[in-house]
Amino acid sequence: IPVLSAFTVSSTRTYGTAPFPALAYPTSVSNGAILYSSNNPTVATIDSSGIITLLKAGYVNFIANQQETPYYTNSVKTTNTMTVQRQVLPLTRVSPTTAIIEKTYGDPYFTVAATNSSNGGAITYETSNSGIVGIVGSTSAGVISVVSVGSATITARREQTDQYSSDPISWTVNVGRATTTLTGLTDLSYNVTAAPFTVAASSASDGAVTYALQDPSSDVLVINRTTG
């Protein structure tokens, strides 16, 4: 039986690497043809010239089988295990492309979107604080609601595939206070002998309304600050 010399490959490779050779190919005193094969051809293949092609993440060994001749029997040599890693693709912002989103309380729903060149894997969106901005409906739709005033982070993530994993990407959403308009006050005309009366004003805000005279020094009227 001829003794085949070392047959070695890289211990780690990343999917997306161009086809490459082994680190060392086996030889022996025999002149029998050497045939190459993979023990996990869904992860990587090896052709008749010993060139390796990566197909997905996983573990694989390669086998060299030297054929028998009139003088020598066949001989087999197996490589060390190669680990094929997923290629990491960072997500990029599609809409909006900026990292900061400025909103005002009361603004309508808005959408965010991210992508990369992965061959699959669902993209989902999550919020760091649903009390400030929330996810509307499906987490994959990217529809965001403004809930309250403050800051929160929306993060996009993509599920890994057999070939790719994805780095997440985020937006910071700053929600500011809205400006409202008080309504309900009009010009009034009363006799000085009229009984006390009430005025009232309101707006979309739930903040307390307080009242004061336009001319605080007036001795014509007084007004209750809280009741109007």
Any side-chain heavy atom of Y72 sitting closer than 4.5 Å to one from V29? yes

Would a 4.5 Å heavy-atom cut-off, applied to side chains only, mark R93 and I169 as touching? yes

Okay, side chain of T97, backbone of V94: is any donor-acceptor separation there less than 3.5 Å? no

Does any donor atom in the side chain of S37 or N39 lie under 3.5 Å from an acceptor atom in the other side chain? no

Might you work through the side chain to side chain contact (heavy atoms under 4.5 Å, CB included) test for E126 and T124, ending with a clear yes or no? CA-CA 7 Å; E126 61 190 50; T124 58; 5.5 Å; no

Without swapping roles, check the side chain of T104 against the backbone of A178 for a donor-acceptor pair under 3.5 Å. no

Please test D47 against T45 for side-chain hydrogen bond (donor to acceptor under 3.5 Å, both in side chains), starting from the C-alpha separation and ending with a verdict. CA-CA 7 Å; D47 67 15; T45 60; over 6 Å; no

With side chains defined as the heavy atoms from C-beta onward, is the minimum distance between T127 and V173 less than 4.5 Å? no

Y15 six-ring centre to K56 NZ/CZ under 6.0 Å and within 45° of normal: no

Using only heavy-atom distances, determine whether the side chains of N61 and T81 contain a donor-acceptor pair under 3.5 Å. yes

Transitively linked via ILVMFWY side-chain contacts under 4.5 Å: V88 with L91? no

Rounded to the nearest 0.5 Å, what separation is found between the CG atom of N80 and the OG1 atom of T8? 6.0 Å

Between S28 and Q66, does a side-chain hydrogen bond (donor to acceptor under 3.5 Å, both in side chains) hold up when you go through it step by step? CA-CA 9 Å; S28 77; Q66 188 167 39; 2.5 Å; yes

Give the intermediate values and the outcome of side-chain hydrogen bond (donor to acceptor under 3.5 Å, both in side chains) for residues T155 and S170. CA-CA 4 Å; T155 300; S170 299; 2.9 Å; yes

Under 4.5 Å between any side-chain heavy atoms of E102 and I100, yes or no? yes

If you look at every heavy atom in R86 and Y164, which pair is closest and at what distance? CD-O, 3.7 Å

Answer with yes or no whether the hydrophobic clustering places I101 together with Y105; edges join I, L, V, M, F, W, Y residues whose side-chain heavy atoms lie under 4.5 Å apart. yes

In sequence, state the C-alpha distance, the side-chain angles, and the governing distance for T172 and N174, and then conclude on side-chain hydrogen bond (donor to acceptor under 3.5 Å, both in side chains). CA-CA 7 Å; T172 297; N174 299 319; over 6 Å; no

Count the heavy atoms belonging to other residues, nucleotides or ligands that lie under 6.0 Å from CZ of F20, then report whether that count exceeds 12. yes

Taking atom types as modelled, find out whether S138 and S140 have a side-chain donor-acceptor pair closer than 3.5 angstrom. yes

Taking every non-hydrogen atom, the tightest pair across S38 and A44: OG-O, 2.7 Å

Which atoms form the tightest heavy-atom contact between P96 and T111, and what is the distance? CD-O, 4.2 Å

A side-chain contact here means heavy atoms from C-beta on lying under 4.5 Å apart; do I144 and I154 qualify? yes

Nearest 0.5 Å please: distance from the OG1 atom of T210 over to the CZ atom of R225. 4.5 Å

What verdict does the side chain to side chain contact (heavy atoms under 4.5 Å, CB included) test give for M82 and V84, after you've listed the backbone C-alpha separation in whole Å, the side-chain angles of each residue and the deciding distance to 0.1 Å? CA-CA 6 Å; M82 175 185 288; V84 181; 4.2 Å; yes

Hydrophobic clustering (ILVMFWY, side-chain heavy atoms < 4.5 Å, transitive) - are I123 and L89 grouped together? no

Taking all atoms of both residues into account, what is the closest heavy-atom pair of L35 and Q67, and its distance? CD1-NE2, 3.5 Å

Are V146 and V143 linked, directly or through intermediate hydrophobic residues, by side-chain heavy-atom contacts shorter than 4.5 Å (ILVMFWY only)? no

Does NZ or CZ of R157 fall inside the cone over Y125's six-membered ring, less than 6.0 Å from its centre and within 45° of the axis? no

To the closest 0.5 Å, what do you measure between OG (S148) and CG (N129)? 8.5 Å

Rounded to the nearest 0.5 Å, how far apart are OG of S75 and CD1 of I34? 8.5 Å

Are side-chain N/O atoms of S118 and N116 paired as donor and acceptor at under 3.5 Å? no

Y36 ring center within less than 6.0 Å of F62 ring center: no

Please report the interatomic distance CD1(I52) to OG(S10), rounded to the nearest 0.5 Å. 7.5 Å

One pair to check against side chain to side chain contact (heavy atoms under 4.5 Å, CB included): L54 and R13. What are the steps and the verdict? CA-CA 8 Å; L54 305 180; R13 284 280 184 158; 3.8 Å; yes

Is there a chain of hydrophobic side chains (I, L, V, M, F, W, Y, each step under 4.5 Å between heavy atoms) that links V175 to W171? yes

Closer than 3.5 angstrom, by distance alone: can the side chain of S145 be matched with the main-chain N or O of V147 as a donor-acceptor pair? no

May I have the step-by-step check of side chain to side chain contact (heavy atoms under 4.5 Å, CB included) for V149 and I132, ending in yes or no? CA-CA 6 Å; V149 174; I132 303 297; over 6 Å; no

Could you check whether any side-chain heavy atom of Q163 comes within less than 4.5 Å of a side-chain heavy atom of N119, counting everything from C-beta outward? yes

Taken to the nearest 0.5 Å, the spacing of S165 OG from R158 CZ works out to 11.5 Å

